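These notes are about the structure you will find just below.
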Amino acid sequence: MEYMVDSNNIIINRLCDFDIEHILECGQCFRFYKKSDKDYIIVAYDKILRITQDKDEIVFHNIDEEDFNSIWIKYFDLERDYTSIKKILSDKDEHLHRAVTEKDGIRILQQDTWETLISFIISQNKSISHIKKLIEDISKRYGTYIGEEDEIKFYSFPTIEQLSQATEQDLRDLKVGFRAPYIADACRKVINDEVNLSRLADMNIADAKNELMKIKGVGPKVADCVLLFGAKRYEVFPTDVWVKRIMEHYYFENDTKIKVIHEFAVEHYGTLAGFAQQYLFYYARDFKIGKK
DNA sequence: GGCCAGGCCATCG
DNA sequence: CGATGGCATGGC
């Protein structure tokens with residue numbers, strides 16, 4: 001990865017297949033704040049990062065080379081060749097071609113598994129803006145203060161040990177509603193090693209999914225999201241209402257079962273199903289494809 | 001005020 | 001099994 005160091009900033013020129021707006025707004029992550037167009041603050045891995053983009057020049061503000069190399073190259077998946085992925089997907093069919101062309105700057109972030117697990121447990125039956133607020137409140141209450149930016153105090157996402165301090169009632173007080181016992185069960189099973197998050201990346205994909213679904217409140221869709229966004233398992237295809245809508249619109253009739261759609265996608269997109277899903281999801285949501 | 005939000009669980013036939 | 005409510009809360 002070629003980059004320049006300029007005072008406290010790290011600058012990458014001519015990076016293709018990278019659009020910071022697409023990456024952050026496509027629904028895969030929740031801890032980011034838009035300052036203005038292509039100017040964001042991100043909280044991840046106990047760090048605060050301000051990132052700006054002007055066409056193909058990307059600036060990582062106030063970070064050292066060590067963090068850049070050890071955290072942010074992986075986080076932004078900078079070593080993956082998205083041009084090839086996009087070409088393969090575009091050649092599959094015209095629908096995917098359109099989604100990939102429209103949302104050409106998406107990258108799948110490599111996020112922390114634990115944070116992804118709790119985030120997507122929270123995500124069920126919630127709008128993205130509210131998911132963001134709940135995760136923020138949980139971090140403020142149980143995470144660690146990590147610094148200030150624009151006079152806003154930022155807190156890391158709580159560790160397993162930190163979040164395990166919360167009782168079910170504590171969680172209800174944070175307005176997570178019926179998800180409180182789900183989060184509590186995730187804490188319990190992960191801290192007792194009944195569910196092992198560190199092995200998800202290497203397990204057989206069906207086993208990995210079942211491992212996550214041992215947790216109450218984790219079904220097929222949440223498990224797929226954790227595997228894709230938090231465990232680098234790109235062969236999954238999280239099938240939610242938006243993906244169902246766009247798939248019905250392009251490939252099926254209305255009222256097709258999620259199971260049928262899911263099986264088709266895993267077969268049709270293969271090892272790139274996760275990437276395909278994210279282009280389709282963001283495209284569908286942004287243009288309200290298939291929404292009645 | 002009703003409806004829906006990146007679903008899942010419990011309960012029923 | 002497959003289908004159907006119910007679920008906490010907030011925004012529109």
Side-chain angles (χ1 to χ4, degrees), chain A residues 22-32 99 103 106 108-109 111 113 115-138 140-141 166-189 195 209-231 233-234 236-249 254-263 265-266 273-292:
Chain A
H22 290 178
I23 291 169
L24 296 176
E25 307 279 3
C26 73
Q28 62 178 320
C29 65
F30 304 103
R31 300 209 66 195
F32 64 91
K103 300 300 181 189
I106 289 180
I108 306 282
L109 299 171
Q111 302 181 72
T113 316
E115 178 173 341
T116 310
L117 170 62
I118 300 301
S119 298
F120 280 92
I121 285 175
I122 289 170
S123 77
Q124 56 187 271
N125 249 54
K126 284 232 158 289
S127 59
I128 288 185
S129 62
H130 196 212
I131 300 166
K132 289 176 74 172
K133 185 187 181 316
L134 285 178
I135 293 171
E136 208 46 47
D137 290 346
I138 287 173
K140 255 181 214 155
R141 174 66 183 80
T167 65
E168 211 176 294
Q169 186 57 48
D170 291 335
L171 294 165
R172 283 190 193 278
D173 293 343
L174 287 171
K175 308 295 182 190
V176 301
F178 64 84
R179 303 159 193 78
Y182 301 167
I183 296 170
D185 195 53
C187 288
R188 195 158 44 234
K189 292 201 168 116
V195 171
K209 199 160 166 173
N210 285 327
E211 179 79 359
L212 284 166
M213 287 169 56
K214 286 193 220 164
I215 298 166
K216 198 170 157 66
V218 176
K221 190 271 174 181
V222 170
D224 275 350
C225 284
V226 176
L227 290 168
L228 176 58
F229 303 130
R233 299 303 298 257
Y234 303 107
V236 301
F237 191 82
T239 310
D240 70 335
V241 289
W242 285 105
V243 173
K244 181 173 184 293
R245 279 179 199 141
I246 194 170
M247 295 297 283
E248 285 173 343
H249 187 72
N254 283 348
D255 297 324
T256 305
K257 302 292 166 231
I258 283 190
K259 186 162 179 263
V260 173
I261 294 171
H262 183 264
E263 279 171 6
V266 167
F275 298 100
Q277 187 272 0
Q278 204 53 23
Y279 290 113
L280 288 167
F281 170 78
Y282 189 30
Y283 179 65
R285 208 194 52 182
D286 210 14
F287 293 96
K288 304 195 185 328
I289 305 288
K291 173 123 178 166
K292 292 157 232 149

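In what follows, chains are A, B, ... by sequence order, proteins preceding strands, each numbered from 1. Worth knowing before you read on, the calculation uses all heavy atoms, side chains too, and leaves out hydrogens, waters and symmetry mates. None of the values given here were measured: they were computed from a predicted structure.
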Using the [atom1] atom on both, measure [N] against [M] and round to a whole Å.
N	M	atom1	result
dG5(C)	dC3(B)	P	14 Å
dA8(C)	dT11(B)	P	14 Å
dG6(C)	dG6(B)	P	22 Å

- Message: Judged by each residue's nearest nucleotide on DNA chain B, which is more toward the 5′ side, Val218(A) or Phe281(A)?
- Response: Phe281(A)

- Item | Nearest-nucleotide comparison on DNA chain B, the residue closer to the 5′ end among Phe120(A) and Met213(A) |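 Checking each residue's closest nucleotide, the 5'-ward one belongs to Phe120(A).
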
- Query: Between the side-chain atoms of Gln28(A) and the base atoms of dG6(B), is any donor-acceptor pair under 3.5 Å?
  - Reply: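 Between dG6(B) and Gln28(A), which were checked side chain against base, a qualifying N/O pair under 3.5 Å is absent.
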
Return the value, rounded to whole Å, for the distance between atom [atom1] of [X] and atom [atom2] of [N].
X	N	atom1	atom2	value
Ile108(A)	dG6(B)	CD1	C1'	14 Å
Phe30(A)	dG6(B)	CZ	P	9 Å
Tyr282(A)	dG6(B)	OH	P	14 Å
Asp224(A)	dG6(B)	CG	C1'	12 Å
His262(A)	dG7(B)	NE2	P	15 Å
Phe237(A)	dG6(B)	CZ	P	17 Å
Ile128(A)	dC4(B)	CD1	P	18 Å
Ile258(A)	dG2(C)	CD1	P	14 Å

- What string of B, S and - do you get for nucleotides 5-12 of chain C, 5' to 3', when a contact is any protein heavy atom under 4.0 Å? --BBBS--

Could you pull out the closest heavy-atom pair between [X] and [Y], with the gap in Å?
X	Y	result
Thr116(A)	Cys225(A)	CG2-O, 4.0 Å
Gly27(A)	Phe120(A)	O-CZ, 4.0 Å
Ile246(A)	Leu280(A)	CD1-O, 3.7 Å
Cys26(A)	Ile106(A)	CB-CD1, 4.1 Å
Ile289(A)	Arg245(A)	O-CB, 3.9 Å
Glu25(A)	Arg285(A)	O-NH2, 2.7 Å

- Lys216(A) side chain near dA10(B) phosphate (N/O to OP1/OP2, under 4.0 Å):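 True: Lys216(A) side-chain N/O within range (under 4.0 Å) of dA10(B) OP1/OP2.
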
- Message: Closer than 4.0 angstrom, basic N to acidic O: yes or no for Arg188(A) and Asp185(A)?
- Response: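 Salt bridge between Arg188(A) and Asp185(A), a charged N being under 4.0 Å from a carboxylate O: yes.
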
- Salt bridge Arg141(A)-Asp170(A), side-chain N to carboxylate O under 4.0 Å: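 Asp170(A) and Arg141(A): not salt-bridged.
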
- Can you run through DNA chain B from 5' to 3' and write each base as (, ), [, ], | or . depending on how it pairs? Watson-Crick or G-U wobble, both distances under 3.5 Å. .||||.|||||||

- Query: Pick from Lys132(A), Lys133(A), Glu136(A): which one makes a side-chain contact (heavy atoms from CB on, under 4.5 Å) with Phe30(A)?
  - Reply: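 Exactly one pass, corresponding to Lys132(A).
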
- Message: Does Gly217(A) reach a base, just sugar-phosphate, or nothing at all? Heavy atoms under 4.0 Å.
- Response: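 Sugar-phosphate, no base atom in range.
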
- Query: Looking across every strand, which nucleic acid part, if any, lies under 4.0 Å from Pro220(A) by heavy atom: base, sugar-phosphate, or nothing?
  - Reply: sugar-phosphate

- Are the aromatic rings of Tyr283(A) and Tyr279(A) close, with centres under 6.0 Å apart? no

